[in-house]
Amino acid sequence: MITKEQLDLERLPRHVAIIMDGNGRWARKKGNPRIFGHRKGVATVREITEAAAELKLEYLTLYAFSTENWNRPRTEVDALMSLLVATINKETKRLMDNNVKLKIIGDVNALPGPVAQNLHASIEKTKNNTGLTLVLALSYSSRWEILNAVKHISEDVHQGKIDSEGITTEIFETYLNTSGIPDPELLIRTSGEYRISNYLLWQIAYTELFFTSTLWPDFRKENFYEALADYQKRERRFGKISEQVAKNTNVNS
Ligand code: FPP
């Protein structure tokens, strides 16, 4: 088990993204309905958010509900939405106590009214917090996000606001939901699945990937530290050779 003390606090990622997977299997293994796993998953969200805030990470992005998740049985979608409203209401105080700022990425318009209203209230309340930014991906998928960016950018070209020749990586990024947020240096997926599932496809071009068989409800702070310790062992080259990056001791650059 890795402890916080074993981490090099000078070489932590600024941004960690997580695909929280395995809630349903965790519940089924215990002979319970799937929603039981999602409820336990909320406790893990709390624990990992606090761990990230304590470590002074800048961004934690959690895949809470994908565009594809709308296709789950109606009862599960409704239960997840209710859980989301209840969690946001209950946890906003804790976000304030931990100086955490809440943000969302995804198709907010697709969310039921009460979910969107509660989220907006919590975003507004936490907007001046200066610690960790907790980004919830809700009704989110990368292809939706990229397509949406393309539509907006084409409108701006059409209206003469920008010139198509002048579209750079940096300009394109300002049209994404994650505009202003640095790319994640580390992506964690739980539950033993080795897929990206339409998550942050543009943003993870150079991200280190960490897969674990632990199911999300069983994922503890120590598992999070283990992923961070593993990240710290890696050499990030960004297409360069070892000797070029050896001069650079900061993994964040
Ligand atoms: C994946 O497990 C998990 C989800 C689709 C939802 C994640 C939601 C939560 C942890 C609760 C709400 C979140 C917040 C931020 C308050 P799965 O259902 O795909 O599990 P399975 O692969 O075992 O079926």
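All figures in this text were calculated on a predicted structure; none of them were measured in a lab. Ligands are counted one by one from 1 in listed order, and the atoms in each one are counted from 1 as well.
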Would you check whether [X] has a nitrogen or oxygen atom less than 3.5 angstrom from a nitrogen or oxygen atom of ligand 1?
X: Asn23; answer: yes
X: Trp216; answer: no
X: Gly24; answer: yes
X: Asn69; answer: no
X: Arg34; answer: yes

_Test log, rule salt bridge (Lys or Arg N to Asp or Glu O under 4.0 Å), inputs Lys4 and Glu222_ = CA-CA 8 Å; Lys4 192 177 150 191; Glu222 291 71 23; over 6 Å; no
State the atoms of ligand 1, each with its element, that fall below the 4.0 Å cut-off from a heavy-atom position in [X].
X: Leu136; answer: 15 (C)
X: Arg25; answer: 21 (P), 22 (O), 23 (O)
X: Leu84; answer: 14 (C), 16 (C)

*Looking only at non-hydrogen atoms, find the nearest pair between Tyr231 and Arg11 and report the distance.*
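Closest heavy-atom pair between Tyr231 and Arg11: CE2-O, 3.8 Å.
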_Give me the nearest non-hydrogen protein atom to atom 12 (C) of ligand 1 as residue plus atom name, then the distance to 0.1 Å._
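Protein heavy atom at minimum distance: Val42 CG2, 3.9 Å.
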*Checking salt bridge (Lys or Arg N to Asp or Glu O under 4.0 Å) for the pair Glu193/Arg195: CA distance, chi angles, key distance, verdict?*
CA-CA 6 Å; Glu193 306 288 352; Arg195 286 189 294 276; 3.3 Å; yes
_Contact between Pro182 and Tyr59 at the side-chain level, heavy atoms closer than 4.5 Å - yes or no?_
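Yes. Closest side-chain heavy atoms under 4.5 Å.
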*Is there a heavy atom in Arg28 that sits closer than 4.0 Å to ligand 1?*
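No.
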*asked:* Please determine whether any non-hydrogen atom of Ser191 lies less than 4.0 Å from an atom of ligand 1.
replied: no
*Run down the list Ala79, Ala137, Ala64, Gly192 and name the one with the heavy atom closest to atom 13 (C) of ligand 1.*
Ala64
*For atom 17 (P) of ligand 1, which candidate among Met20, Glu68, Arg72, Lys90 holds the nearest heavy atom?*
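Checking each option, the heavy atom nearest atom 17 (P) of ligand 1 is found in Arg72.
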_Test: Arg234 and Glu208 ion pair at under 4.0 Å_ = yes
*How far apart are the C-alpha atoms of Glu76 and His38, what are their side-chain angles, what is the distance that settles it, and do they pass the side chain to side chain donor-acceptor pair (under 3.5 Å) test?*
CA-CA 10 Å; Glu76 182 166 342; His38 295 315; 2.9 Å; yes
_Thr87 contact mode with ligand 1 (heavy-atom cut-off under 4.0 Å)_ = side chain
_Parallel, tilted or perpendicular: rings of Tyr194 and Phe211 (30°, 60°)_ =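 Phe211 and Tyr194: tilted rings.
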*Please work out whether the ring planes of Trp144 and Tyr140 are parallel, tilted or perpendicular, with thresholds of 30° and 60°.*
perpendicular
*With salt bridge (Lys or Arg N to Asp or Glu O under 4.0 Å) as the test, would you mind laying out the steps for Glu50 and Arg94 before giving the verdict?*
CA-CA 9 Å; Glu50 282 187 355; Arg94 202 184 288 261; 3.3 Å; yes
